[in-house]
Every structure is written in C-alpha cells, then in structure tokens.
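Convention: sequence-line order gives letters A, B, ...; per-chain numbering from 1. For the numbers below, each heavy atom of this structure counts, side chains included, while hydrogens, waters and symmetry mates do not.
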Number of protein chains: 2
Amino acid sequence: MVTIKDIAKAAGVSYSTVSKALRDSPLVKPPTKKKIVNIANELGYQPNVAARSLVSKKSDTVGVVWPTVERAAHAALITKINDQLENHGYTTLLSINKVEAAINTFNRLQVDAILMFNDQGQDGPDTPLPSNVPILSYGIAKNPLYPTVDVNRRDAIKLAVHTLVDIGHKNIAFIGDMSQRDQLQDEKVSGFTEGMKERFQEATADVLIPASGLELYDGYLAMKKFLQAGKTTTAVVSGSYDLTRGVIRALNEYNLSIPKDVSIISYDNIPQTNTFEVPISLVGVPNDVITSTITDALLNMINKKQVPQSIVLEPEIKLNESCLALE
Amino acid sequence: MVTIKDIAKAAGVSYSTVSKALRDSPLVKPPTKKKIVNIANELGYQPNVAARSLVSKKSDTVGVVWPTVERAAHAALITKINDQLENHGYTTLLSINKVEAAINTFNRLQVDAILMFNDQGQDGPDTPLPSNVPILSYGIAKNPLYPTVDVNRRDAIKLAVHTLVDIGHKNIAFIGDMSQRDQLQDEKVSGFTEGMKERFQEATADVLIPASGLELYDGYLAMKKFLQAGKTTTAVVSGSYDLTRGVIRALNEYNLSIPKDVSIISYDNIPQTNTFEVPISLVGVPNDVITSTITDALLNMINKKQVPQSIVLEPEIKLNESCLALE
DNA sequence: TTGTAGGCGTTATCAG
DNA sequence: CTGATAACGCCTACAA
C-alpha cells in the first residue's frame with residue numbers, strides 16, 4: 001500500500017506537505033502541489049479511509065439500510081440517490097442485513113448518515129436503536145422514531161379520481177391489490193373511495209377491480225375478468241405501473257381503445273424512461289422529487305442542520321391523451 | 001463515542017487490558033474479563049472499525065459490486081451469501097456504483113475481499129483494475145481477469161433434454177428468450193439444440209417457442225401463441241422460472257394437464273421456497289451450491305489460500321411428477 | 001511556503 | 001496475568 005510518506009519521499013518533501021497538497025490546500029505552492037499530485041497518481045495512491053476517518057471523525061459515506069433486496073421496489077430511487085450523493089462527494093454503501101444489524105454496522109463504520117428504507121407496510125423497530133449517526137427513514141413506520149420522508153399515496157389516487165370526475169367521468173373503476181396484506185395498497189383503495197365520495201353526493205357503489213398481486217399478469221387477469229363479466233367503465237385508475245401494463249393488454253384483447261373507450265390514469269412515481277407502449281397519464285410523486293428531498297435531508301443531517309420530523313410529499317398528475325373528456 | 005479508554009477508567013484497569021478482554025484473549029483472568037465486558041455493554045461500547053483496521057490491516061468486511069440493483073436477478077444469492085459470511089464473522093457491504101468506482105471505494109475502505117457480480121451477458125472491465133484486495137467474479141466475463149464462479153446453463157438445458165428423451169419423449173419444445181440480447185439466454189438455446197442433436201441421429205427440426213422476455217406474461221403469451229397455432233408437444237423445457245409460470249397458465253387455459261398432456265422441466269437455480277402451484281421438475285445449479293461455493297472461495301481468498309481461476313458449477317436435475325414417461 | 005509534532009482508537013509487543 | 005508503549009496512515013495546529 002502506498003502512503004503519503006511514500007509520496008513525500010518520492011517528491012522530496014515532508015509528508016504533511018503531501019497531505020495538504022492532496023487536500024488541495026492553498027497553503028502549498030501550485031508547482032509543488034502539481035508535482036505531488038502527479039507522483040500520487042503515478043504511484044496509484046489511494047487515501048486510507050480508516051486513517052482519515054479516525055482523525056477527521058467522518059468518512060464521507062452514507063449507509064443505506066435495505067433489508068429486502070428481493071423487492072426491487074426502490075431500485076430506481078436508490079440508484080438516483082446514489083448519484084446525487086456522489087455529486088456531493090459522498091459514497092453510498094448498502095447493507096441488506098436486518099435493520100438492527102445494519103445500523104450497528106454503519107455505526108461502527110462511522111458513516112456520516114444512514115438512510116433507512118422502511119420495508120413498506122411493515123413496521124420498523126419500536127425502540128429507538130442506539131446510533132451515533134443521524135438516521136433518515138423513507139416510508140412511514142407505525143411509530144416514527146426518526147425523521148421521515150414519505151409520499152402521499154392516498155392523495156395521489158384521490159387526485160386521479162377528482163381529475164377524471166372533473167372532465168366528466170362518472171363510471172370510474174379502480175384496479176389494485178386489495179388483499180389487505182400491504183398497508184400502502186390499502187391507502188390507495190381508500191384514496192379512491194374517499195375521492196369518489198367527495199365528488200358524488202349520493203352514495204355510488206365503488207367499482208373495484210381486485211388484483212391478486214402487483215404483477216403485470218395480475219393486472220391482465222383482473223381486468224380480463226372484469227370485462228368478461230360484461231362490466232364496463234369509462235375510466236380506470238390503476239394502482240401501479242405493472243398492473244397498468246396488464247390492463248392495457250386486456251383492453252387490447254377486447255379491442256377497447258384508450259382513451260376512446262376507456263380513459264386510464266396510472267399510479268406511479270413517474271419513471272425516468274416511460275416504457276409504456278402508449279402514453280399513459282400518471283399520478284404520484286415524481287422520483288426526482290423524492291430523491292432530491294431525501295438527498296437534501298441527508299446532507300442537512302450531516303451538516304447538523306435542522307430536518308423536519310416528517311416530510312410528506314404531495315403527488316402531481318401528468319395528464320395526456322390517455323384521458324378523454326366526456327361531455 | 002465511548003472508547004476502550006473510557007471502559008478502562010470505569011473498570012480501573014489499563015486500556016490495553018480492556019482491548020485484550022474484549023477480544024477474548026486468554027491473557028486476561030476470567031473475572032477481570034467478565035467485569036470489563038459488562039462495563040462495555042453498559043456503556044454501549046462500539047469498537048471503532050477505522051482504528052482497528054488501521055492497525056490490523058483488515059476490516060472483517062467484504063464488498064459486493066452490484067451495478068444493477070434494478071435487475072433483481074441475484075437477490076436470492078446475495079441474501080444467502082450475506083448470511084453465510086455473517087456466520088463467519090464477516091459483514092457484507094454492497095455498492096451499486098459502476099464497477100470501477102465500486103472497486104475503488106472498497107479498496108479505500110480496506111475490505112478484505114470483493115465479490116463482483118458480473119452483469120450477466122455484459123462484458124466487464126477489460127484492463128485489470130488496480131486493487132489491493134482480492135476479487136472474485138460471479139458470472140464469466142469476456143476476458144476473465146479474476147477468479148470466476150459460474151454455472152453451466154448449456155449443460156443444464158441439455159440435461160433436461162436428455163432426461164426427457166430417455167423417458168421416451170420425441171417431440172420436445174424449448175421456450176426461452178431468443179432475442180439474442182443476452183448471451184446467457186443464447187447458451188440455453190444452444191444447450192437445447194445440441195442436446196437434441198446428441199440424442200437423435202437424424203436431424204429433427206428443433207421446436208423453439210420464442211418468448212420476448214423473461215416475465216410471466218412473456219411465457220404465457222408465447223405458449224398461448226404456440227397452442228393457438230395448433231402446434232403440439234409432449235414436453236416443454238422452459239428457460240426460466242417466470243416463463244414456466246406463464247406456460248402453466250397457458251396450458252391451464254387450454255385444459256392441458258401436466259404431465260398427462262405435456263411434461264415440463266424448468267430451468268432454475270432451485271429456489272428455496274417452491275412457489276409453483278404444481279410441483280415442477282427443475283434443472284440447474286441449486287442456489288445453496290452456488291452460494292457456498294462463492295462464500296468458500298471468498299474466505300479462501302481472504303486467507304490467502306489458492307483459489308482456482310475458474311469454477312464452473314454443473315447442474316442437477318430434480319425430477320418429479322411433472323414429467324411422464326412415454327412408452 | 002514548508003516541516004515538526006501530537007493525537008485519533010486500536011492492536012501487538014514487550015516488560016513488569 | 002497486567003500495564004506501558006510503539007505503531008497504523010492521516011490531519012492539523014504550530015513552529016521554522
């Protein structure tokens with residue numbers, strides 16, 4: 001391993017000068033600095049994080065607690081957060097251990113902050129885990145122990161409903177996972193029923209299309225079943241990206257056109273690459289908003305600035321030709 | 001932050017004694033040891049990795065390079081490897097950065113070994129990245145720069161074909177992703193054609209069912225198209241778990257029973273929880289084999305033992321009632 | 001502008 | 001068995 005001492009020797013200066021030069025301190029004459037940097041590169045110098053963080057008490061690293069790799073749910077988020085933090089000079093490290101173990105690890109590693117992905121719908125730890133490092137949580141836990149960022153799913157669906165009603169739709173269906181296994185999915189359902197109730201005085205029976213999961217095939221199957229039963233609707237609000245893809249397939253099979261026969265709005269954190277075959281209107285908090293909120297919060301925590309105990313992000317709607325106004 | 005010095009003060013011993021006690025050294029009298037350990041717990045002592053690895057040159061940590069969180073492909077593997085390493089006292093850290101950056105990070109962090117998930121089918125870096133830390137690669141790259149563990153997909157499919165032929169099947173179909181986007185999928189296809197060729201002297205036209213992806217719906221669609229065209233087969237070899245699920249749905253729709261009408265063998269690293277609706281015969285290298293091979297290799301590298309430059313794992317077949325012998 | 005010295009928390013090597 | 005003491009690689013006053 002090559003150390004600053006090696007560089008110092010090679011450059012014929014003292015190693016503290018090397019240290020300064022490498023940190024780009026103004027206390028070193030440009031030519032000396034340049035020479036040192038060159039030598040460092042030639043030698044393939046890698047600063048030793050251990051040594052550095054021992055003295056400086058920080059590691060320029062943030063740890064991400066991610067107990068469920070299996071569910072690729074947050075993959076897009078974490079990728080982006082990783083990039084953003086990198087732009088600020090921080091390195092992101094993930095742990096797929098249990099929350100307690102992961103937080104423990106990150107504490108020992110002296111990361112500068114911890115981002116905890118709250119296993120959506122599950123409840124987190126109920127006693128505040130001992131941590132010297134500030135922790136931010138994405139996704140609300142039953143009992144919020146840490147500053148938390150979350151998106152408002154209920155309002156998102158509600159927004160979709162209101163939008164459709166306001167352009168003349170009356171017969172609106174919601175397709176989603178209604179197994180009640182997942183609290184977050186339940187919120188979407190109630191967003192729908194509440195949204196309808198708010199617009200229609202008289203009680204209308206809610207048209208719910210229950211899917212047995214969140215996969216493409218689930219959406220396909222549920223929608224097909226709905227159509228097979230001879231039911232109709234002028235507009236569908238869909239609970240997730242993949243379900244929507246399934247819905248589209250089913251509609252295609254029945255030669256129903258979007259939006260002529262049915263309008264459609266899909267819940268999602270608006271994805272960077274819109275891979276829908278046809279453009280689809282989307283509701284939700286855009287990924288950019290989520291990620292930069294999280295990144296900002298993390299940086300603030302690192303710099304010991306105040307961070308709100310709870311940040312709830314409000315949805316936006318991106319309407320396009322997948323919605324037809326009825327007169 | 002509480003250090004061994006704090007503990008020393010509280011226990012009325014020197015801090016070097018504390019260090020020994022905490023490392024469970026035999027050089028400390030049991031009662032003293034016990035007392036020290038107790039105090040450490042009370043104070044919530046967390047050893048400082050930075051300090052430790054600074055002197056001991058190791059961090060009891062292995063880094064995993066995982067540039068593509070998006071594709072949850074290896075989620076099951078990594079979870080298991082994480083557990084196994086933990087049992088050996090190692091902590092696993094993931095980086096989702098680009099390979100170069102990730103390796104760099106892990107070097108600075110002084111991890112004890114690096115596991116690189118080779119983004120299947122893509123080619124890795126072509127010049128050996130400078131690393132003081134030993135690197136193990138899972139999945140063969142174009143030009144293998146590091147010791148590599150991989151599974152033999154070609155032989156797996158071949159094994160399935162041979163098995164079916166040997167129990168009397170002649171009309172065997174293969175369903176898989178034939179878009180040729182992914183080298184690994186291509187290997188499966190050639191495993192099929194080669195397997196057939198080896199059993200049937202006279203050239204038989206290969207029955208290939210092309211799916212346009214690897215999702216459940218892709219399998220469903222492809223199989224349905226096949227059946228709709230009036231084609232038949234007595235046995236299907238499927239290229240992946242999800243495709244197989246789709247195939248089953250399609251067969252159900254056509255009231256074809258497994259195995260009475262069609263036998264089926266699915267490629268897969270045998271999953272821990274068999275979530276198939278009906279039991280399905282599987283070929284592939286069991287996950288346990290893969291993960292413990294990797295874990296062993298990593299531990300060997302850490303202990304500076306020799307590790308073969310290339311380990312290719314051979315498939316196994318788990319036959320069950322999804323295959324019917326024809327007479 | 002550069003060099004010297006002290007210390008960060010731990011481990012390891014000696015003396016006691 | 002226990003206690004000093006010297007590293008480990010780096011940073012940061014402070015001195016030259």
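The 12-atom threshold is exceeded at NZ of A:K58, counting heavy atoms of other residues, nucleotides or ligands nearer than 6.0 Å.
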Discussion item. Walk me through whether B:S16 and B:S19 qualify under side-chain hydrogen bond (donor to acceptor under 3.5 Å, both in side chains).
Written reply: CA-CA 5 Å; B:S16 72; B:S19 173; over 6 Å; no
Discussion item. The test is side-chain hydrogen bond (donor to acceptor under 3.5 Å, both in side chains); show your working for A:T291 and A:Q84 and say whether it passes.
Written reply: CA-CA 8 Å; A:T291 57; A:Q84 288 173 184; 3.2 Å; yes
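The nearest whole Å value for the distance from the CD atom in A:Q110 to the P atom in D:dG9 is 19 Å. A straight line from NZ of A:K58 to C1' of D:dC10 spans 15 Å, rounded to a whole angstrom. In this structure, B:N132 atom CG and D:dC8 atom P are separated by 17 Å, rounded to whole Å.
Judged by distance alone, the side chain of B:D112 and the main-chain N or O of B:D60 form a donor-acceptor pair under 3.5 Å.
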Practice prompt. Summarise how protein sits on nucleotides 4-13 of chain C as a single string, 5' to 3': B when a protein heavy atom is under 4.0 Å from the base, S for sugar-phosphate-only contact, - for no contact.
Written response: B-B-BBBBBB
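Contact of the A:V64 side chain with the A:T92 side chain is registered, since non-hydrogen atoms from C-beta on lie closer than 4.5 Å.
For B:D288, the salt bridge (Lys or Arg N to Asp or Glu O under 4.0 Å) criterion is met by B:K80, not counting sequence neighbours.
Looking at heavy-atom distances under 4.0 Å, B:T32 makes contact with sugar-phosphate atoms alone, never a base.
Between B:V49 and A:L109, the shortest heavy-atom contact is CG2-N, 3.8 Å. Heavy-atom minimum distance, A:L94 versus A:W66: CD1-CE3, 3.3 Å.
In the helix from C:dT1-D:dA16 to C:dG16-D:dC1, the terminal helix axes, each the rotation mapping four pairs' C1' atoms onto the next four within five end pairs, subtend 50°, rounded to 10°.
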